[in-house]
Amino acid sequence: MRSVEIFKIGKAYPNPYGEPFRAVVDFSLNIDQGEFVGLIGHSGCGKSTVLTMLAGLNEISEGGIVVSGREIDGAGPDRAVVFQSPCLMPWSTAYGNVMLGVKNVYPHASRAERSQIVESALSSVGLADSMEKYPREMSGGMQQRVGIARAIALKPKLLLLDEPFGRLDSLTRMELQDVMLDILNREKITTLLVSHDVDEVVFLCDRVVMMTNGPEATIGEVLAIDFERPRDRTEILQDPLYFRCLDHLVSFLTERAHLRTEPRIHDSSNLLTFEGTKPEVAAH
Amino acid sequence: MEIKYRLLKVIDTAGLSFLSPVVRLAAGEEPRKQLKDIGRWIIVPVFAMVLFGVLWSIIAPRHKTKSGEVPTPAVVLEAWDGISRFHDNESAKEEGFQLTGDSRLAELKQAVARLSEVESLEVAANQRLKEVRESTDTEKLKIIAPFKSAYDAKSNEYRDYRKSSAARLKELGGTLLEKGESERLAYLADMRAVEVKTEELKAERDALKVELEAAEEQTFPDLKEALKASTLLGEEKQFLIKYIDLVGESSREFKLAAAQETLKSSRQEFLTSTEGDLYKLCGNVIKNEKFTETIGTSQYAKPWTLPKQIVRSLFCVFTGFLLASIIAIPIGILCGLSNTFMAAMTPFIALFKPVSPLVWLPIVMIIVGGFMPDPDNHWLIVALAKVPILKEYKIDPMFLSSAITVALCSLWATLVNTALGVGSIDKDHLNVARVLRLGFFARLFKIIIPTALPLIFAGLRISLGVGWMVLVAAEILSTSEGIGKFVNDMYTNGSAESFAQIFVVVFIVGFIGMVLDRIMVFLQRLVSFDTSPAL
């Protein structure tokens, strides 16, 4: 079942001395219900632009996005975002930060119900003991856990992760990746992860969308990652497929990212795979 | 160790960080570094203050004014004593007036005893003053004698020379008529020389006069001391006489008893009288009843003392500050939220911010006066006069005018800072608000105001400082009771002592301003969040 349809969206910024600057063009992607899609590309290629357009924080210049059968218009709690920096309210505790959104999204829930939602969200990110801590009393990793809890507590139809582990050290990053996997195994939320870390996307995602370089960036290739779920880090790291996937992503980024591609709607039917049954369609 | 960190935290939040090296030193932490810090943050400032005091003591007496010399630190300290003595005496009178029964009689007895003691002491002090004066007079004569004789001699020389040369030249001039040009030219040169010589003698005489005056002004510590002792005792005697009167025959209890007695006899007379004008007698009873009631609730008419004026000034500045905050914070928030509103407000901010309190005050006084043609019966004044503590401080239109002037001058800092705080809110936080679809009020109260709070408080801190500065000026101009009125009174008074009392006010105003600022810094810290934790 399709959860998200992105049809030919593009972002153009006005340029006072000529044609508008087109950062992203003809970006078309369909995402299935419960699918975890990664979006990688060189920095500045427009990954975050796509994500913020999905979130409704950035105006869509061309095309349209449909989430759960409805075209989006502006931001909303059906599409929760975890930002690169935790963006917590420094004057609220972890509990208060999560409650801020919960209160708004479940206006008719009783106090106890809300409280339970907040507590279960915080427990699922491993912060059951730190609910009353203020952001300044928490490490960066803990703060980002609160950020994740705030997003999943809204029970979003689409979870948008904007380089959520980019500012963490590698050990903390691994911890949080595991937390993320745990949550998604349980909750099956449709997720889009923007990242420039190839290990991360291979480990976490079902499908990786590779973007060409900007300006006029668009989808270059799409790679299916056919690991079984639930995934185990040590098993995956020993699997030769893992390295073939990594290889492919790196070679795209170093060799093919600057090439132009034909506009095409990408979904689970036209994939580039190594082990699956589907043919290689998107190769250049 | 626990105690050490707790103390350090208290010191830090109170903004008294100069004390922390002392605490650390007491705990034995890096003594070398702490001593260096103590040297820099305690000893150097103290040394600077001492140096300032010394320079002040040296320079001040060199400048003469219509109110005597510029007071030295010692004189200012004495003026401080005078102010507090006046306050203590007036408070004692106020209390004494209300005493009743045995405590009144005991107080009366004590005061009478003290009076006789003071009287004998005063006699002794006056005796001593007389002796010291005699001895210093002769000593003074001795000291100034050489200066005086030198001056007199020079003065005579000058006068004689002028007279004799004038006579000589006049006589010579008489013989010049039949002389030729060369003689006449010689005469001209002669007269010029005389003129120069006269000027010289005059200058010498004036120099000697300055020396003589300096010698005459030589002060004698003994005499000063004796004079002071005598004056102090005289003052105390005056106070005691008045006090005994207030505790004794002018006390409320005493007067009330007398009034009740009169009332009783007039009643008796009215009820039992068989002849005379009963209409008049009955009127007397009513009159006496009223009088008794008035006496029963009467108070000692205590004059305004500086402490009371300070409290009133504080009330006034806080009223103005509150008013400024109520106006400035909402408008500032609107300015920060909407660029259009900011554009609308910019000309007003730019135009009115630099206007002096001395311009606002007359305008405000006239406007407030227009609202209150009969201030004593105006609802606002009547309402304020019922507020428990406030009612003792005579809230009048002048008070309100001063407070409004304070508000008009101080609201700009808060307004601009609030607008800045709201305008410079983190974009990420706003994105969070958008994702969470927070409504306008949730966004305002949960995100915008908390973020802007540190800057709002920075603005409030500046506002309070400005308000305190403006207030004294406003009070001087409006002659509204308060510190400004005190300064104005002392200036009008123009004696050496009141001149010194203005100096006292400088330090009081400075100190209170400093305390207010510290309080605001403390509040500002309470609402500031450490937004950059270790990642």
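All heavy atoms count here, side chains included; hydrogens, waters and symmetry mates do not. Note that the structure is a prediction, hence the values are computed from the model and not measured. Sequence lines set the chain letters: A, B, ... in the order given, protein chains first and strands last, and positions in each chain run from 1.
By the 4.5 Å heavy-atom criterion applied to side chains, A:Arg150 and B:Val432 are counted as neighbours. Contact of the A:Pro90 side chain with the B:His429 side chain is registered, since non-hydrogen atoms from C-beta on lie closer than 4.5 Å. Residues A:Leu154 and B:Leu436 have side chains in contact (heavy-atom distance under 4.5 Å, counting atoms from C-beta outward). For the pair B:Asn431 and A:Val81, the minimum side-chain heavy-atom distance is 4.5 Å or more.
For A:Arg186, the CZ atom sits in a packed shell: over 12 heavy atoms of surrounding residues, nucleotides or ligands are nearer than 6.0 Å. Other residues, nucleotides and ligands place no more than 12 heavy atoms under 6.0 Å from the CD1 atom of B:Ile389. Heavy atoms from other residues, nucleotides or ligands lying under 6.0 Å from CD of B:Glu29 number more than 12. For B:Phe348, the CZ atom counts as loosely surrounded, since its 6.0 Å shell holds 12 or fewer non-hydrogen atoms of other residues, nucleotides or ligands. For CG of A:Asp73, the number of neighbouring non-hydrogen atoms (other residues, nucleotides, ligands) closer than 6.0 Å is 12 at most.
Between the side chain of A:Trp91 and the backbone N or O of B:Ile447, no donor-acceptor pair lies under 3.5 Å. Formation of a donor-acceptor pair under 3.5 Å by the A:Asn104 side chain with backbone atoms of B:Arg437 is found in this model.
The CZ atom of B:Arg434 lies 9.5 Å from the OG1 atom of A:Thr52; values are rounded to the nearest 0.5 Å. Rounding to the nearest 0.5 Å gives a distance of 8.5 Å between CG of A:Leu57 and NZ of B:Lys427.
Listed here is the closest heavy atom pair of B:Asp428 and A:Ser85: OD2-OG, 3.6 Å. Contact detail for B:Val435 and A:Ala80: the closest heavy-atom pair is CG1-CA, 4.1 Å.
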Derivation and outcome, side-chain contact (heavy atoms from CB on, under 4.5 Å), residues B:Lys446 and A:Lys103: CA-CA 12 Å; B:Lys446 293 278 160 71; A:Lys103 234 183 203 167; 3.9 Å; yes
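Of the two parts of A:Leu160, neither the backbone nor the side chain holds a non-hydrogen atom closer than 4.5 Å to a non-hydrogen atom of chain B.
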